[in-house]
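What follows is a set of notes on a single structure, which appears directly below.
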Amino acid sequence: MPATVLKNISEIRRYFHRNEDPVYFISATNFNLLGLDEWVKNFKYICYIDCYGGKHPNVFCPSEQPHAEFQSIEDINNYLLQHKEVIDFIKRRGGKPKFVFLMFDEETERLSKELGADVWFPKAKLRTSMDNKIETVRIGNKAGVPSVPNVLAEVTSYEDLKKTCEKAGIGHDLVLQSAFGDSGHTTFFIKSEADFRRHEHEIIGEGEIKIMKRIDCRGSAIEACATKEGTIVGPLMTELVGFKELTPYRGGWCGNEILSTAFPPKVRQQARDLTFKFGEQLRKEGYRGYFELDFLIDKKTGDLWLGELNPRITGASSMTNHAAFAHADAPLFLFHLLEFSKKKFNLDVDELNARWADSANIDSWSQMVIKHTEDSVDICTDSPETGIYRMLEDGRVVYDRFDYHRRAVESENEAFFLRILQPGDYRYEGADIGILVTRGRSMTKSFQLNERAKKWIHGIKQSVAAKPLPTATAGPELADPAFKIL
């Protein structure tokens with residue numbers, strides 16, 4: 001293509017519509033970047049789990065090969081990059097391949113280089129340092145984005161913890177977070193010595209811990225992209241957290257809602273302003289591209305506090321990239337690809353952010369990540385297929401038709417379901433059954449699951465069948481706790 005400068009959204013869209021170099025999203029599933037293949041020519045998904053039964057034209061899933069037990073998404077990606085069928089697929093399609101990932105490490109980078117591919121994300125080493133929850137606090141402080149009153153310290157005992165908190169003046173009703181890991185597994189609520197004893201093996205010896213004053217808050221999520229033209233900010237989303245119908249993990253993320261009225265206008269604008277500031281600081285730290293921030297909103301005061309940074313795409317990305325503004329302009333992730341393409345572009349980021357802040361550009365959707373919540377292990381014999389489901393008047397949920405487009409959902413009585421759990425898989429506590437996407441809200445105004453959401457969850461779970469383990473089988477060897485693939 002001629003070395004022109006892209007000057008507006010229309011030219012950016014056309015640039016990707018005519019893209020010639022193959023771009024691959026490599027992960028366990030294609031959930032996080034669902035639908036991006038329709039914006040970028042030569043965009044393909046290479047996945048470990050075939051959620052579509054071979055029916056998605058741009059999803060490639062190699063046959064199962066012997067491998068060590070996966071402990072992380074990075075392990076899955078490194079397995080895929082060494083799979084002969086994947087290597088042959090990439091080489092057969094030719095061009096100069098570009099890889100994007102949900103998670104990757106330095107081994108992933110090495111394997112990508114062997115395949116002659118560019119990784120279109122900041123280096124794994126930089127991402128790891130940014131992902132450190134302790135570092136997030138420091139970056140936020142530099143950017144003027146405040147965290148919940150906290151102290152960063154190594155903890156050697158409960159008495160030591162009490163002294164540290166007394167000195168910091170944050171009381172004894174606490175939330176502790178270790179530097180790395182999913183918030184559902186590495187967040188500890190400590191009010192007494194008994195609470196501390198339950199988790200001390202996960203706290204002592206873990207190095208510096210983020211020790212926060214406990215507040216009564218609502219969780220929220222917002223995604224953005226740090227580009228050379230400035231930080232582009234998406235909408236503020238609600239978070240579904242810890243609902244026992246969806247997840248066995250207290251504090252575990254289990255979905256999001258996107259709607260213009262979830263939070264007061266002042267809170268939405270403040271979140272956008274703070275995210276922009278944080279993104280500008282990330283640029284100074286050498287990070288560029290896609291990121292997500294969790295904000296904690298104090299129920300009593302309305303104060304907004306920085307929760308954590310995810311320097312990557314996330315489980316909320318499919319919501320951000322399918323919002324009405326994304327269809328009107330371009331998905332947020334397109335700007336990430338643009339940043340790494342080295343294509344010159346001029347963009348009025350302030351004007352774009354103002355437009356994306358307009359509530360008229362935000363339609364109402366929700367997604368729920370449905371896990372097996374019982375303390376049991378068996379083998380799945382049948383599970384709901386990917387496609388469009390309908391809720392009948394009596395509350396029953398029935399399969400309607402195959403589709404891989406979320407936009408095919410026409411009303412609140414329909415939903416798109418993406419199957420994760422496959423027949424033959426172990427079904428254990430915390431195993432992902434699938435993701436359900438509906439129009440409208442899944443929570444009430446008081447942020448509890450609404451009745452419609454509960455009926456959808458029940459209907460999907462009722463569609464899963466399983467058989468007991470053979471008596472000689474001990475069950476799967478799972479990481480403790482089993483890692484999230486989303």
Side-chain angles (χ1 to χ4, degrees), residues 25 27-39 43 45 47 49-59 61 102 235 237-240 243 245-246 253-259 313-327 331 333 362-371 382-392 395-422 432-443 449-450 452-464 485-486:
F25 175 50
S27 196
T29 77
N30 75 328
F31 164 66
N32 306 83
L33 293 180
L34 204 62
L36 206 78
D37 53 318
E38 295 178 25
W39 289 87
F43 190 100
Y45 305 99
C47 301
I49 300 170
D50 185 0
C51 303
Y52 305 93
K55 297 177 186 175
H56 195 302
N58 290 321
V59 172
C61 295
L102 172 61
M237 294 174 275
T238 68
E239 283 196 322
L240 279 66
F243 289 121
E245 294 89 344
L246 291 168
W253 169 82
C254 50
N256 297 88
E257 299 173 312
I258 184 168
L259 69 158
I313 53 174
T314 70
S317 298
S318 67
M319 298 292 279
T320 299
N321 289 290
H322 278 87
F325 67 79
H327 288 284
F333 194 73
I362 301 171
D363 49 351
S364 179
W365 290 84
S366 70
Q367 66 178 20
M368 296 179 284
V369 180
I370 303 174
K371 294 180 183 291
D382 193 21
S383 61
E385 294 180 27
T386 293
I388 305 298
Y389 286 74
R390 278 188 301 118
M391 185 184 290
L392 305 180
R396 284 184 299 127
V397 171
V398 297
Y399 177 79
D400 189 69
R401 63 196 184 276
F402 173 77
D403 209 311
Y404 52 85
H405 296 100
R406 190 191 85 160
R407 64 175 179 268
V409 176
E410 293 182 352
S411 71
E412 292 192 13
N413 288 328
E414 287 191 339
F416 169 71
F417 180 73
L418 182 72
R419 174 162 83 173
I420 304 294
L421 187 71
Q422 311 279 322
D432 291 300
I433 295 171
I435 300 107
L436 190 79
V437 182
T438 69
R439 289 185 181 273
R441 296 205 68 173
S442 53
M443 292 192 289
L449 277 183
N450 63 33
R452 185 177 69 98
K454 289 178 182 177
K455 286 177 183 176
W456 275 117
I457 297 164
H458 178 73
I460 292 296
K461 285 188 172 182
Q462 284 285 98
S463 302
V464 180
I485 62 165
L486 305 175

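- For the pair C61 and I49, the minimum side-chain heavy-atom distance is 4.5 Å or more.
- To the nearest 0.5 Å, atom CG of residue L33 and atom CZ of residue F25 are 4.5 Å apart.
- In this structure, CG on N256 lies 8.5 Å from CE on M443, to the nearest 0.5 angstrom.
- One finds the CD1 atom of I370 at 11.0 Å from the CG atom of L418 (value rounded to the nearest 0.5 Å).
- Checked against ring-ring contact (aromatic ring centres under 6.0 Å, His included), Y52 has the following partners two or more places apart in sequence or in another chain: H56.
- Partners of S463 according to the side chain to side chain donor-acceptor pair (under 3.5 Å) rule, which considers only residues two or more places apart in sequence or in another chain, do not exist here.
- Legend: residues meeting ring-ring contact (aromatic ring centres under 6.0 Å, His included) with Y399, ordered by chain and number and at least two apart, are Y389.
- With contacts defined as side-chain heavy-atom distances shorter than 4.5 Å, the pair W39/P331 qualifies.
- Counting only distance, with no hydrogens or angles, the side chain of E257 and the backbone of S442 share a donor-acceptor pair below 3.5 Å.
- With sequence neighbours excluded, the residues forming a side chain to side chain contact (heavy atoms under 4.5 Å, CB included) with E38 are Y404, H405, R407, listed by chain and number.
- Residues that satisfy the side chain to side chain contact (heavy atoms under 4.5 Å, CB included) test with R439, not counting sequence neighbours, are W365, V409, E412.
- Atom CD1 of I258 and atom CG of D363 lie 7.0 Å apart (nearest 0.5 Å).
- Shown here for P235 and I362, the closest heavy-atom pair between the two residues is CB-CD1, 3.9 Å.
- Applying the side chain to side chain donor-acceptor pair (under 3.5 Å) test to R406 and every residue at least two apart in sequence or in another chain returns nothing.
- Using a 4.5 Å cut-off on side-chain heavy atoms (C-beta onward), Q367 and H322 make no contact.
- Taking F416 as the reference, nothing meets the ring-ring contact (aromatic ring centres under 6.0 Å, His included) condition, with sequence neighbours excluded.
- Here the shortest heavy-atom pairing between L36 and F43 reads CD2-CE1, 3.6 Å.
- Between the CZ atom of R441 and the CG atom of N450 there is a distance of 8.0 Å, given to the nearest 0.5 Å.
- Applying the salt bridge (charged side-chain N to carboxylate O under 4.0 Å, His left out) test to pairs two or more places apart or on separate chains, none has a residue in residues 313-326.
- Every side chain to side chain donor-acceptor pair (under 3.5 Å) that T314 has, sequence neighbours left out, goes to E223.
- Taking the side chain to side chain contact (heavy atoms under 4.5 Å, CB included) definition, one finds that T438 meets it with S366, A415, L436, R452, W456, sequence neighbours left out.
- Residues A326 and N321 share a closest heavy-atom pair of CB-O, 3.6 Å.
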For V369 and L246, what are the C-alpha separation, side-chain angles and deciding distance, and is it a side-chain contact (heavy atoms from CB on, under 4.5 Å)?
-> CA-CA 7 Å; V369 180; L246 291 168; over 6 Å; no
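- With hydrogens and angles disregarded, no donor-acceptor distance shorter than 3.5 Å links the side chain of D403 to the backbone of I388.
- Under the side chain to side chain donor-acceptor pair (under 3.5 Å) criterion, D50 pairs with no residue at all, not counting sequence neighbours.
- The two residues L259 and S364 have their closest heavy-atom pair at CB-OG, 3.8 Å.
- The side chain to side chain contact (heavy atoms under 4.5 Å, CB included) with H458 is formed by just one residue from the set Q462, K454, K461; it is Q462.
- No donor-acceptor pair under 3.5 Å is formed between the side chain of N30 and the backbone N or O of V59.
- Note that the SG atom of C254 and the CD1 atom of I435 stand 12.5 Å from one another [nearest 0.5 Å].
- Residues that satisfy the side chain to side chain contact (heavy atoms under 4.5 Å, CB included) test with D382, not counting sequence neighbours, are A465.
- The backbone N or O of L102 lies less than 3.5 Å from no partner atom in the side chain of N32, so there is not a single donor-acceptor pair.
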